Amino acid sequence: MLPDLTREWADLTPREAIAMQQALASQVSTTDDLPVVKTVAGVDVGFENKETARAAIVVLSYPELVPLDHAIARLPTPFPYVPGLLSFRECPVILKALDQLKIQPDLLLCDGMGIAHPRRLGIATHIGLLTGMPSIGVGKSRLTGRHGEVPEGKGEWTPLMDREEEIGAVLRTREGVKPLFISPGHRISLATSIKYVMACVTKYRLPETTRWADGVASGRGQRWLKALEDL
DNA sequence: GCGACAG
DNA sequence: ATCTTGTCGC
């Protein structure tokens, strides 16, 4: 049973949230410490309105990428969107969804950043710390850090730097598409993160994990859920 | 003081 | 994230 943060985080101020991130940062590990990966999961959070957050998680077999399990959870939105504090808005409902899974994944890919964050505590990292699960941040745009041009070829990447520190990779998952911002969440290195993200990419820009998750999380989720039933 | 700013 | 139609390109 994962912690229910709905209450604990209810009256958190941005200042307290930042202090919490700074306190947790020392516990993050970017050394590979994962089991043999037989399952990977993607998680995504959508908002039905300003009031309600909805998380969807889909577990896929690895390396086949066939859907095996899924969960959807809803919870009141506990925190406004503040750049750098995304996890306080989305973690509670994600934990609730994770608790509903029959199959706990070996690796979790989250929308957003891992350590590529001002205090090295993006949502993927925070979820990793809360669950103990190896995690990777897969962002569609940049939060922080600098980088050079990204080579055009599929699988090519450029380091994302904060001063002298390598905090992630700007990865071209397909030729001719906007690159993704990949960073270690917890219990995984950058090189290994890139490897698993590319292994989850088939013919689209986004890895299958996140494609399944946000297909189920938002909009026309019924269409995706029906596909899951036909297993 | 002026921008930048995951989802 | 979410609101939204047509449209440009492979």
Side-chain angles (χ1 to χ4, degrees), chain A residues 5 9 12 14-15 17-18 20-21 24-25 28 42-57 72-97 108-130 135-147 150 152-154 160-163 167-186 190 193 197 202-207 209-221:
Chain A
L5 300 168
W9 288 3
L12 210 58
R15 180 171 191 168
I18 288 171
M20 191 179 296
Q21 292 178 327
L24 288 173
V28 179
V43 57
D44 185 49
V45 178
F47 296 84
E48 304 182 346
N49 48 59
K50 302 282 181 182
E51 313 283 286
T52 308
R54 177 178 50 202
I57 302 181
I72 296 174
R74 301 169 80 245
L75 220 52
T77 306
F79 209 84
Y81 172 66
V82 178
L85 301 180
L86 179 68
S87 61
F88 294 92
R89 181 171 166 83
E90 300 191 349
C91 280
V93 71
I94 290 174
L95 294 187
K96 183 176 178 183
L108 183 63
L109 308 220
C110 302
D111 279 23
M113 303 303 165
I115 63 168
H117 175 281
R119 291 167 292 279
R120 307 292 176 267
L121 218 93
I123 186 165
T125 301
H126 207 153
I127 286 290
L129 287 173
L130 288 169
S135 62
I136 300 173
V138 179
K140 295 182 284 295
S141 63
R142 186 192 69 95
L143 172 62
T144 192
R146 298 162 49 86
H147 66 86
V150 186
E152 288 299 325
K154 175 173 180 171
L160 180 64
M161 307 293 293
D162 185 353
R163 301 295 186 105
I167 58 175
V170 191
L171 174 67
R172 192 85 67 184
T173 51
R174 279 200 58 170
E175 191 177 322
V177 299
K178 278 181 54 182
L180 258 29
F181 292 77
I182 307 305
S183 55
H186 185 45
L190 177 59
S193 298
V197 169
T202 58
K203 56 186 294 196
Y204 302 98
R205 176 168 85 119
L206 298 174
T209 41
T210 60
R211 292 189 72 247
W212 275 100
D214 61 48
V216 169
S218 58
R220 67 296 166 200

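Predicted, not measured: the structure shown is a model, and the values here were computed from it. The chains referred to below are lettered A, B, ... by the order of the sequence lines, with proteins before strands, and numbering in each begins at 1.
If you take CZ of A/R174 and C1' of C/dG9, they are 12 Å apart, rounded to a whole angstrom. In this structure, NZ of A/K50 is placed 7 Å from C1' of C/dT2, rounded to the nearest angstrom. What separates CD of A/E152 from C1' of C/dC10 is a distance of 14 Å, to the nearest Å. Straight-line distance from the CZ atom of A/F47 to the P atom of C/dT2: 8 Å, rounded to whole Å. Taking atom CD of A/E90 as the reference point, atom C1' of C/dT2 lies 13 Å away to the nearest angstrom.
A/L85 comes within 4.0 angstrom of a base, heavy atoms only. Using a 4.0 Å heavy-atom distance criterion, A/G84 is classed as a base contact. Within the 4.0 angstrom heavy-atom criterion, only backbone atoms of the sugar-phosphate kind lie near A/G139; the bases stay farther away.
Scored by the side-chain hydrogen bond (donor to acceptor under 3.5 Å, both in side chains) test, A/S193 finds no partners at all (sequence neighbours excluded).
Nearest heavy atoms, A/P92 versus A/S87: CD-O, 4.1 Å. The two atoms that bring A/V93 and A/A53 nearest to each other are CG2-O, 3.8 Å, heavy atoms only.
When DNA chain B is scanned 5' to 3' for any atom under 4.0 Å from a heavy atom of chain A, the first and last hits are B/dA4 to B/dG7.
Distance alone, capped at 3.5 Å, places no donor-acceptor pair between the A/E90 side chain and the A/D111 backbone. Between the side chain of A/R205 and the backbone N or O of A/T173 there is no donor-acceptor pair closer than 3.5 Å. Judged purely by atom type and a 3.5 angstrom limit, A/H117 uses its side chain to pair as donor or acceptor with the backbone of A/G84.
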